[in-house]
Structure formats: structure tokens, C-alpha cells
Amino acid sequence: MELEVRHLRALCAIADTGSVHKAARQLGMTQPSLTTQLRRIEQAVGGQLFNRERTGSRPTPLGRTVLTRARPIIAEMTELIREAKDAAGLAGAGPGVRLRLGSTGSRAVPGWLRRLHNRLPDTDITFQADVSANTLLRMVAGNQLDAAFVHEVEGSPLRVPDGVELRVLVRREPQFVAVPATHPAARAGRAVAVAELAEERWMVDPSVDGDWDGLRRVFAAAGIDPRVVYGDYLSAGDLVAAGEVVTPCQPTSQPRPGMSIVPLAGDPLGVRLLVGLRTGWGPGAEADAVFDDLRASYEEVARSSPAYARWLSTRRAPGPPVMV
């Protein structure tokens with residue numbers, strides 16, 4: 001087998017995310033497909049490229065050597081494609097009329113993109129979603145994205161690479177919990193203490209940077225050791241509605257049939273919402289537009305989320321003081 005650029009991208013994705021599972025998500029592949037591809041790449045180069053450890057995949061000495069050569073090739077190929085599109089007139093009104101955005105999951109994203117399309121009608125806006133905030137920040141540093149909207153779990157600081165500057169959108173956003181609509185916590189009409197959910201099965205996505213560590217700290221502080229199951233948050237919503245699990249969630253989450261969104265008493269779990277910008281990227285006005293339109297979209301979804309709107313009304317005067 002001859003190595004192709006897509007193979008080099010796969011190796012870099014595994015190294016950047018530290019996990020074949022996360023890399024497969026980023027690349028839009030299944031984990032078994034990426035594992036098979038990695039085996040073929042290792043056969044082609046004649047040695048093992050990653051050590052598979054319990055905590056993830058780490059490059060071997062051979063892997064580091066290959067990655068050192070692969071990264072500039074990918075960067076050059078990305079730039080070649082960009083220049084070719086610019087020359088062909090496919091990137092909008094001309095070179096530079098592009099805006100490359102990324103985000104971890106948030107209901108604010110659709111409104112953000114809508115506002116930017118309206119503000120910048122001649123700009124080619126592309127978007128990439130990823131569960132890993134650290135991966136998105138690395139993409140900003142690597143000139144694959146201009147800006148990324150990410151969250152940082154309290155107690156689990158993000159690894160901010162050189163070449164990235166952060167703007168704080170929300171200093172502290174409390175995290176709520178999704179429970180079955182039939183749960184006593186849903187019917188009580190009040191914030192629920194973590195200890196009251198000690199007998200429940202909690203579902204958490206371990207591939208989301210900081211989420212499991214943050215939740216584990218909350219359990220320890222409450223003196224409980226509940227059952228925990230792992231999975232993605234999309235599946236978690238279905239299981240909550242079926243009465244099988246409870247799961248932490250953003251306060252802007254909209255309940256689906258069979259589910260209720262409830263605040264946690266004392267707000268023990270919080271995140272900081274950030275925008276990572278490539279240092280020196282673009283004119284200041286464009287970077288400001290990215291930030292301002294995201295802030296407006298976030299405020300919109302915050303007001304339209306019943307549980308969050310009630311929480312906010314008890315803690316502040318009109319306006320969004322949690323916003324910077």
C-alpha cells in the first residue's frame with residue numbers, strides 16, 4: 001500500500017486527539033475503519049506508530065518521526081488547495097474572503113452562523129464540530145480554523161497552544177442535569193442536590209475534554225459514588241427519556257418528550273465559555289463580528305431555555321451579567 005495524504009491526516013488526528021475513537025469522530029469515520037487503516041499504514045511503514053494504552057494512543061519513536069514529516073506535508077497540501085480555490089474563484093469574492101469556524105456542541109451555533117451569513121454575505125463560511133475543545137484549539141493554532149467556540153470545565157484547564165488567543169464569552173455557565181420527566185426531581189419544581197441523585201445511573205461522554213473529571217469532582221464533594229455509564233450525549237438523551245439514566249447537560253439544552261432539564265442545587269458544576277482566535281488573524285472588525293454575533297446568539301438561546309431563564313431570573317437583574 002502506498003501512503004496518501006488521507007493516511008497522514010489520520011495519523012495526525014490520532015496524535016492530536018490522543019485516541020483512535022476521538023480521531024474517528026473528527027475524521028467522520030467509524031472506529032473499526034480507522035483501526036484497520038492504522039494497521040495498514042503501520043504495515044506500509046514497517047513498524048508500530050502508536051502505543052495503545054488505557055488512557056489513549058501515544059506515538060512511538062517511529063510514530064513521532066513519521067508525524068514530524070507528515071505535518072508539514074498536510075499543511076502544504078491544505079495551502080495548495082486554498083490557493084487553487086482562490087485562483088479558480090471558488091472561495092468567494094477573492095483570496096482571503098473566508099471564515100473557518102469550529103465549535104463544541106452548543107445550541108448557540110445555528111444562530112451564530114445565521115448572523116454571520118447575514119453580516120458577511122460575500123464570505124465563504126465553513127464550520128467544523130468536534131467534541132474535543134483541545135482539538136479545535138490545535139486546529140486554530142495550525143491555521144485550519146480562524147476561530148473556535150469551546151468550553152472549559154472548572155478544574156480541567158484547556159491546553160492552549162501557542163498562536164491562539166482566548167476571549168471569554170461567559171465567565172461561568174452552570175451545568176444542569178437532564179432527568180426523566182417522571183423523576184421526582186422533575187416534579188419538585190426546584191433545583192436538585194447531587195446527593196439526591198446518588199442512586200441514579202449517570203451517563204457521561206468521556207471523549208469530551210474535562211467532563212468526566214469535572215463530574216467526578218462533584219461526586220467526591222457530595223460524598224457519593226453513583227453508577228456511571230459511558231456514551232455520547234446524543235444517545236444519553238434517548239436513555240434519559242426512557243428512564244434509564246440521568247446526565248449532565250448545558251443549561252441551554254431543550255428538553256425532549258420524556259425529559260426534564262433541572263438545575264443542580266448550589267451550582268457545583270460549571271464551565272467557562274471561550275472563543276479561541278488565531279493570533280493576528282484577519283482585520284480586527286471581522287474578529288469582533290465573530291465574537292459579537294456569537295454573544296447575541298448565546299443570549300437568544302439562554303432566554304429561550306425555560307430552566308435557564310428561570311435560573312437567571314433569580315440571580316440577576318435584566319440583562320446578561322454572566323456575559324463578558
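Scope of the values below: all heavy atoms of this structure, side chains included, with no hydrogens, waters or symmetry mates. Computed from a predicted structure; not experimentally measured.
Nearest heavy atoms, R172 versus D267: NH2-O, 2.8 Å. The heavy-atom pair separating V131 from T104 by the smallest distance is O-CG2, 3.9 Å. The two residues G276 and L166 have their closest heavy-atom pair at CA-CD2, 3.8 Å. The two residues A15 and R71 make their nearest non-hydrogen contact at CB-NH2, 3.8 Å. A pairwise comparison of heavy atoms in G102 and F127 identifies C-CE1, 3.9 Å as the closest pair. Summarising the geometry of A133 relative to V150, their closest heavy-atom pair is CB-CB, 3.6 Å, with the distance given to 0.1 Å.
From E299, atom CD reaches atom OG1 of T252 across 13.0 Å, with rounding to the nearest 0.5 Å. Note that the OG1 atom of T126 and the CG atom of L145 stand 7.5 Å from one another [nearest 0.5 Å]. Note: T247 OG1 to L197 CG = 11.5 Å, rounded to the nearest 0.5 Å. Interatomic distance, C249 SG to I261 CD1, rounded to the nearest 0.5 Å: 4.0 Å. The line from CG of L49 to CZ of R58 is 15.0 Å long, rounded to the nearest 0.5 Å. Taking CG from L274 and CD from E152, the interatomic distance works out to 5.5 Å, rounded to the nearest 0.5 Å.
A salt bridge does not link R227 to E199: none of the charged side-chain nitrogens sits closer than 4.0 Å to a carboxylate oxygen. For the pair D205 and R25, the salt-bridge criterion is met [side-chain N within less than 4.0 Å of a carboxylate O]. The existence of a salt bridge linking E154 and R272 is excluded, since no basic side-chain nitrogen approaches an acidic carboxylate oxygen closer than 4.0 Å. Taking the charged nitrogens against the carboxylate oxygens, R190 and E196 do have a contact shorter than 4.0 Å, which makes a salt bridge. A salt bridge is absent between D124 and R98; no separation between the charged side-chain nitrogens and carboxylate oxygens falls under 4.0 Å. Here D293 pairs with R119 in a salt bridge; the nearest charged N to carboxylate O distance falls below 4.0 Å. In summary, D288 and R167 engage in a salt bridge, as defined by a charged side-chain N under 4.0 Å from a carboxylate O. Using a cut-off of 4.0 Å between Lys/Arg side-chain N and Asp/Glu carboxylate O, R107 and E300 are scored as not salt-bridged.
Of the possible polar contacts, one joining the S304 side chain to the V301 backbone as a donor-acceptor pair under 3.5 Å is found. The closest donor-acceptor contact from the side chain of N51 to the backbone of T60 lies at 3.5 Å or more, if one exists at all. Counting only distance, with no hydrogens or angles, the side chain of S106 and the backbone of A108 share a donor-acceptor pair below 3.5 Å. Q48 places a side-chain N or O within donor-acceptor distance of the main-chain N or O of F50, the cut-off being under 3.5 Å. Without hydrogens or angle criteria, D146 side chain to R100 main chain gives a donor-acceptor distance under 3.5 Å.
Side chains of T30 and S33: a donor-acceptor N/O pair is present below 3.5 angstrom, by distance only. A side-chain donor from one of D209 and S132 sits under 3.5 Å from a side-chain acceptor of the other. Residues R217 and S156 bring a donor and an acceptor atom of their side chains to less than 3.5 Å of each other.
Residues Q31 and T35 form a side-chain contact, since some pair of their non-hydrogen atoms from C-beta on lies under 4.5 Å apart.
Applying the side-chain hydrogen bond (donor to acceptor under 3.5 Å, both in side chains) test to pairs two or more places apart or on separate chains, those with a residue in residues 256-265 are D238-R256. Applying the ring pair (Phe, Tyr, Trp, His ring centres under 6.0 Å) test to residues at least two apart or on different chains, the pairs with a partner in residues 180-207 are W202-F219.
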Problem set entry | Residues L101, L116; criterion side chain to side chain contact (heavy atoms under 4.5 Å, CB included); working and verdict | CA-CA 11 Å; L101 304 175; L116 285 170; 3.5 Å; yes
Problem set entry | Derivation of the side-chain hydrogen bond (donor to acceptor under 3.5 Å, both in side chains) call for Y298 and E173 | CA-CA 11 Å; Y298 181 86; E173 179 192 70; 2.6 Å; yes
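Counting non-hydrogen atoms of other residues, nucleotides and ligands closer than 6.0 Å to CG of D225 gives a total of 12 or fewer. Summarising the local packing, CZ of R40 is surrounded by 12 or fewer heavy atoms from other residues, nucleotides or ligands at distances under 6.0 Å.
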